[in-house]
Amino acid sequence: MLRLKAFRPSTDKIVKIQLHPTHPWMVTADDSDRVSVWNWEHRQVVYELKAGGVDERRLVGAKLEKLAEGETESKGKPTEAIRGGSVKQVNFYDDDVRFWQLWHNRSAAAEAPTAVHSSTFSSPAPSTKGRHFLVICCLNKAIFLDLVTMRGRDVPKQELDNKSLHCMEFLYRSGVGDGPLVAFGASDGVIRVLSMITWKLARRYTGGHKGTISCLRSFMAASGEALLVSGASDGLLIIWSADHGQDSRELVPKLSLKAHDGGVVAVELSRVMGGAPQLITIGADKTLAIWDTISFKELRRIKPVPRLACHSVASWCHPRAPNLDILTCVKDSHIWAIEHPTYSALTRPLCELTTVIPPHALAPNKKLRVYCMVAHTLQPHLVAIGTNIGVVICEFDARSLPPVAPLPTPPDSREHSAVFVIERELKLLNFQLNNSVNPSLGNNSALSETGRSQGDSFEPLSVKQGKKHISTPVPHDSYSVLSVSSSGKYLAIVWPDIPYFSVYKVSDWSIVDSGSARLLAWDTCRDRFAILESSLPPRIPIIPKGSSSKRAKEAAAAQAAAAAAAAGSSASVQVRIVLDDGTSNILMRSVGARSEPVIGLHGGALLGVAYRTSRRISPIAATAISTIQSMPLSGYGSSGLSSFSTYDDGFSSHRSPAEAAPQNFQLYSWETFQPVGGLLPQPEWTAWDQTVEYCAFAYQQYIVISSLRPQYRYLGDVSIPYATSAVWHRRQLFVATPTTIEVVFVDAGVTQIDIETKKMKDEQKMREAQTRAISEHGELALITVEGSQSSTEERIPLRPPMLQVVRLASFQHAPSVPPFLSLPKQSRVDGDDPWTKEAEERRTSEVAVGGGGVSVAVTRFPTEQKRPVGPLVVVGVKDGVLWLIDRYMRAHALSLSHPGIRCRCLAAYGDAVSAVKWASRLGREHHDDLAQFMLGMGYATEALHLPGLSKRLEFDLAMKSNDLKRALHCLLTMSNSRDIGHDGTGLGLNDILNLTDKKQDVTDKKQDVVEGVQGIVKFAKEFLELIDAADATAQGEIAREALKRLAAAGSVKGALQGHELRGLALRLANHGELTRLSGLINNLITLGLGREAAFSAAVLGDNALMEKAWQDTGMLAEAVLHAHAHGRPTLKNLVQAWNQILQREVEPTPSQKTDATAAFLASLEEPKLTSLADAGKKPPIEILPPGMMSLNAAPISIQKKPASAAQNAQPQPGKPLALEAPPPTTTAAPDSSAPQPESESAPAPAPASVSDPPPSDSMPTPEAAPPESTSGETTVDNGVPAPTPVSDENPNVNGETVQAEATSDPAPPEAPSPVAEVSETNTPNPTTAPASGDPFL
């Protein structure tokens, strides 16, 4: 409930403190006048300076700056050298501060029933141009420091009539030439106003105070008039008009009130729901007074803490404490809260700070004292406190939401309603868009004449709303949680602090059910709800101030823990159903058999129950039975106990990441009440889609999104930290966090398991239908009439899930790049205002005009709109806008009409056609981005109609949506190959290779051809995909067009890879493009690509061409085998040529050095060659294919089993030359001299030899294959002979099986794969090649 957000220790007392509204910055000043800017989110110091004395760094910096600008001699003492004196006030000033202060003043004034409503709240003109000023008000000077450029400007008191400065305030209604204005309250009771453009005194407010002015505050009256209120040491409160023209230099007070004896200390503006704003003042007389801003009468005066004077005050409105509206601090260790007068008007401690700060921060004998306090203006759950030990930022339950629940809108109505609880009343809020102000919203023309779409600007949409009283009273006025059933007929209210619940029927507001319960959760499908019944929680015993002994505290905490555990374990989860007749019945007395106490209930399509894990319980943690902490915030008078006590809920921000969240969350079925799935970590909240397709579980740093149909599947998580609530709208999840509003577009995509589940369910349905038919009609139902049934197998493309997050609103201004120049010294005071002129320029730059005068949004997404302040309830999308309700029960509409958002919302909603229509209003450069989104949502066909697509994306979309003609056009455009591949181009391969630069047109033609070929090569994969897709859908013409281009590129050397060439050859053969195929083969031979050429020839079925391919590219081994396999007449010539090449490679090359050593070493290597005669008898190499006769020996008939011997390449005398055949288990890389052909079918290695070498003892004699059955052909899958070259790739190219015309008798399947291999060394080889005999035989 109460959590330490940040703590920064310090040795001095922190006496001044201020928070920036939109950045996580805090500025503090301590009692020794050191000013420090700290980033409390990242725990980093942004800037520090000594403001009271002279800051040496700034002085040196100023001197260096002057030197850089060329000013050598100083004209006097620089302002940085003036001693500042004590720091009186610190603040930030930039466009965000300016905007939100004006917004607060406006919205507080607009609550009054008599308020004059201006048409729309327009954003103030930009004043600081991206600078972020730190403004420090010291006694002797004011320091303006730009935190972006780190340049500063000091304004000494001499420029402000030489009076010491005590406080300051920024004014907003300035004249044209003034720019931003700062009012300073001085010691002589005069308010002096300084212009931040000219840095000169603009005007004075005189004649009011007699003493030193201590506080200033600007605000707006209900009439719309800008006012300034000042308090001084004379105890007066004076109201001044801040609406003034250029000419008024001296201004006199409007009204003077005697406020406090001893002087006014601080003044604060309070927004009152449904009433005029009020002023809160605190004085030195220890009292706090509240003043009405219409009559300026005193409404109430109290002494918040007896005997202690207040030093800080803040107005506060937090849904967790609906009865508290003012925070104040005195010099003790508490934050005090003052109840609203309609409750008890008592002051109670909101929290005890010693329980929040880290234990080591406070020394044992030191007491904590608070010196200043400020509440965050836009995030009311954050409060910063300056103490004597440092700065503490506390977080008060950021997850609690306003007590409001939207009701379903009737179909014919444009007015929406929500029900809310205030005090002890139930009220109805009616809201709708104000059509007179927003005429463009109902129709499609949401872009105004200027071209700015509604919501693209800062102005929020105008909303018409009213509140009605419901006669039914509610029993309690403490914190309540409202929820509506799935049908919208019933409203449940839970008061967790009491604990009590009531269920009302919406039609007549009668009570249907009530009882004691702390938590309640609805089913999204039926009017069922689960409650956590519980006994009254125990109170933590109040320890008197005197007995602060450690032992007493521990004993009390242990007692409380035991009582809380007993109460928690006795509570059980009960499920009830509300029937149509309005009666509530118990369905299940106790859900789940677990013994741990329940701490959370989450409704939805499944019931989620969170259990308290017994892993770690602190005494205070045990008192928190639920995530909604049980605290006596109201209805119990003034207990001495803090309203917000700290507790550990398992989500604590200071928990180390190593301690992962415990698995303590179980889902149960509403039907069977059985657990579904295993234990999960407990989410902070859950959101289930109405159609039960998606669900979101929120954790502290992220939201997990899952799809539920056709089965549960995790889709991913989105990093949206600290989300407080969300609502689904089809495939859109609108999420609110404390600082932003985001939308997550979700699509589950299609996975394999989805298709399988769908198939399984279809089969199941069919079986059920069959069973039903048999039960009705008997076995006759199974008789089917045979007819021409067209079974279309639907091909569902897979698609990954998609999550896209777009930020719709935040607190920050649209980011502007700060100019690193000083502000202009002089400003023009003539008629045309530079601010408005700049706004106009920005407006025109954001809009371009498309064809036909349609205004087009240039930005991809709209500029972020302004998020409403404070905790919000997300109502959902109605009338094309996102509705939100804030803690003051005001409805706000966020525009979704920017085309970038509207197109996405329509596509996510399922209306892709309208999304494409709306895309005409989006700049064309964003169409690719939108098309990717639509593709992720499953609308590839519709996305093709977007006019601004890039060709690459258009091709992908066309392929996915099967529009192959368009895909071909995109591919031709991308590859620049429209003119390539036509039969009549007049340019063959030789022409391309031999083009000369003689004629200009020939050069151009050559350039086009080169570019075209390069383009085709770049997109070769896409060409092949397109051809396959066209073949699969019988669109032959498209495939042929693509083939032409690819074949043209295949003719250029090095253009296509080997696998692409083989794929091309297969597809050419498949399409019967035999002429192109033979042309391709000839070109490949010319380019020296033997393997690819031979493969293409094999596909073509031309043996002569295949042989030529191998022969012409030097691959003779393959040529020999092929010629032998097909009995070609060229065999003998080929074998001779091959053997000659081998012989040349085997013969030793003559050594360059023929010295004695080399000769001696050579003789050692060849001990058998003793004479030249022996050397001459060395037989030539003769390697033959299986079954072929020796070229120079008479044929010998074979009777014995041939043996293949392992020998050296150079034979020993009396031994024949043979190649080695080791066991087939080992493998070796083929020798480079003769590549090893493999067959397309699995090779069956078997040795076969024609020569008959004599077996010796050292030579193994393996079994030989039958000589006659060896035909030597390699076989393909269909038994057609197709000798193919060796390649690193798989035998089947691109997954296709080779199919070719049969050119000779098919070989038997057991035919071996003959391999020719020369082994110069004793490298083992898996297959054996035959060797011819020795001529001596």
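Between Tyr371 and Thr387, the shortest heavy-atom contact is CD1-C, 4.0 Å. Gly207 and Pro253 make their closest contact through O-CG, 3.9 Å (heavy atoms, listed as atom of the first residue, atom of the second, distance). Contact between Gly231 and Leu237 at its shortest, heavy atoms only, is CA-CD1, 4.2 Å. Scanning all heavy atoms of the two residues, the minimum distance from Gly386 to Ile17 falls at N-CD1, 4.1 Å. The two residues Tyr205 and Ala242 have their closest heavy-atom pair at OH-CA, 4.0 Å. Scanning both residues, Val45 and Glu48, for their nearest heavy atoms gives CG1-CG, 3.6 Å.
Here CE of Met273 is found 8.5 Å from CD of Glu423. Values are rounded to the nearest 0.5 Å. The line from CG of Leu216 to CD of Glu169 is 6.5 Å long, rounded to the nearest 0.5 Å. Between the CD1 atom in Ile136 and the NZ atom in Lys141 there is a gap of 9.0 Å [rounded to 0.5 Å]. Once rounded to the nearest 0.5 Å, the distance linking CD1 of Ile143 with CG of Leu134 reads 8.5 Å. To the nearest 0.5 Å, the span separating CH2 on Trp38 from CG on Leu19 amounts to 11.0 Å. Atom CG of Leu147 sits about 10.0 Å away from atom NE2 of His23, to the nearest 0.5 Å.
Lys467 has no carboxylate O lying under 4.0 Å from a charged side-chain N of Glu425, or vice versa, which leaves the two without a salt bridge. Taking the charged nitrogens against the carboxylate oxygens, Asp161 and Arg204 do have a contact shorter than 4.0 Å, which makes a salt bridge. Salt bridge status for Lys286 with Asp261: absent, with no side-chain N to carboxylate O gap under 4.0 Å.
Not one N or O on the side chain of His166 forms a donor-acceptor pair closer than 3.5 Å with the backbone of Leu139. With hydrogens and angles ignored, the 3.5 Å screen pairs no side-chain donor or acceptor of His260 with any backbone N or O of Gly235. Here the side chain of His318 pairs a donor or acceptor atom with the backbone of Arg320 at under 3.5 angstrom. In this structure, the side chain of Glu111 engages the main chain of Gly274 through a donor-acceptor pair within 3.5 Å. One N or O on the side chain of Ser233 and one on the backbone of Thr212 form a donor-acceptor pair closer than 3.5 Å. In this structure, the side chain of Asn388 engages the main chain of Arg369 through a donor-acceptor pair within 3.5 Å. A donor-acceptor distance shorter than 3.5 angstrom exists from the side chain of Ser214 to the backbone of Val264, with no hydrogens or angles considered. Using modelled atom types, no side-chain atom of Trp240 and backbone atom of Leu255 make a donor-acceptor pair closer than 3.5 Å. In this structure, the side chain of Thr293 engages the main chain of Pro277 through a donor-acceptor pair within 3.5 Å. Within the 3.5 Å criterion, the main-chain N or O of Met168 finds a donor-acceptor partner in the side chain of Gln89.
Within 6.0 Å of NZ on Lys50 lie more than 12 heavy atoms contributed by other residues, nucleotides or ligands.
Stacking of Arg271 on the aromatic ring of Tyr888 is recorded, both the 6.0 Å distance cut-off and the 45° axial limit being met. Phe99 carries Lys866 over the face of its six-membered ring, with the cationic atom under 6.0 Å from the centre and within 45° of the normal.
A side-chain donor-acceptor contact under 3.5 Å links Glu352 and Ser333. Between the side chains of Glu268 and Gln278, not a single donor N or O lies within less than 3.5 Å of an accepting N or O. No hydrogens or angles considered: a donor-acceptor pair under 3.5 Å links the side chains of Ser230 and His209.
Trp199 places a side-chain heavy atom less than 4.5 Å from the side chain of Phe144. For the pair Pro380/Pro871, a side-chain contact is recorded, criterion being any heavy-atom separation below 4.5 Å from C-beta on. Here the side chains of Cys167 and Ile213 are in contact, with some heavy-atom distance below 4.5 Å. At least one side-chain heavy atom of Gln379 sits less than 4.5 Å from a side-chain heavy atom of Phe811. You'll find the side chain of Trp100 reaches within 4.5 Å of the side chain of Val869, heavy atoms only. Counting heavy atoms from C-beta on, the side chains of Cys137 and Val87 never come closer than 4.5 Å. Residues Ile280 and Leu288 form a side-chain contact, since some pair of their non-hydrogen atoms from C-beta on lies under 4.5 Å apart. Side-chain contact between Lys163 and Lys157: absent, with no pair of heavy atoms (C-beta onward) separated by less than 4.5 Å.
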*For Val15 and His311, run side-chain contact (heavy atoms from CB on, under 4.5 Å): C-alpha distance rounded to whole Å, both residues' side-chain angles, the deciding distance at 0.1 Å, then the answer.*
CA-CA 10 Å; Val15 292; His311 52 67; over 6 Å; no
*Just do the side-chain contact (heavy atoms from CB on, under 4.5 Å) check on Cys394 and Leu353 with the steps written out, would you?*
CA-CA 9 Å; Cys394 296; Leu353 288 173; 3.8 Å; yes
_Using salt bridge (charged side-chain N to carboxylate O under 4.0 Å, His left out), reason through Asp292 and Lys297 one step at a time and then give a plain yes or no._
CA-CA 6 Å; Asp292 176 43; Lys297 289 195 165 59; over 6 Å; no
*asked:* Go through it in stages, so that I can follow the logic: the residues are Asp397 and Leu2, the test is side-chain contact (heavy atoms from CB on, under 4.5 Å), and I'd like the CA-CA distance, side-chain angles, deciding distance and then a yes or no.
replied: CA-CA 6 Å; Asp397 191 15; Leu2 167 65; over 6 Å; no
*Before giving the answer on ring-ring contact (aromatic ring centres under 6.0 Å, His included), spell out for Phe296 and Trp291 the whole-Å C-alpha distance, their side-chain angles and the decisive distance to 0.1 Å.*
CA-CA 6 Å; Phe296 290 102; Trp291 310 81; 8.8 Å; no
*Step by step, work out the ring-ring contact (aromatic ring centres under 6.0 Å, His included) result for His381 and His376.*
CA-CA 8 Å; His381 59 281; His376 198 294; 7.9 Å; no
*Could you give me the CA-CA distance, side-chain angles and deciding distance for Val90 and Val135, then say whether side-chain contact (heavy atoms from CB on, under 4.5 Å) is met?*
CA-CA 6 Å; Val90 287; Val135 188; over 6 Å; no
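For residues 25-37, the pairs satisfying side-chain hydrogen bond (donor to acceptor under 3.5 Å, both in side chains) are Arg8-Ser36, Asp12-Ser32, Asp12-Arg34, Asp30-Ser32, with sequence neighbours left out.
For His476, the ring pair (Phe, Tyr, Trp, His ring centres under 6.0 Å) criterion is met by Trp495, Tyr500, not counting sequence neighbours. When the side chain to side chain donor-acceptor pair (under 3.5 Å) test is applied to Glu159, no partner is found at least two apart in sequence or on another chain.
Here the rule is side chain to side chain contact (heavy atoms under 4.5 Å, CB included) with Trp316, and of Leu327, Thr328, Ile335 only Leu327 fits it.
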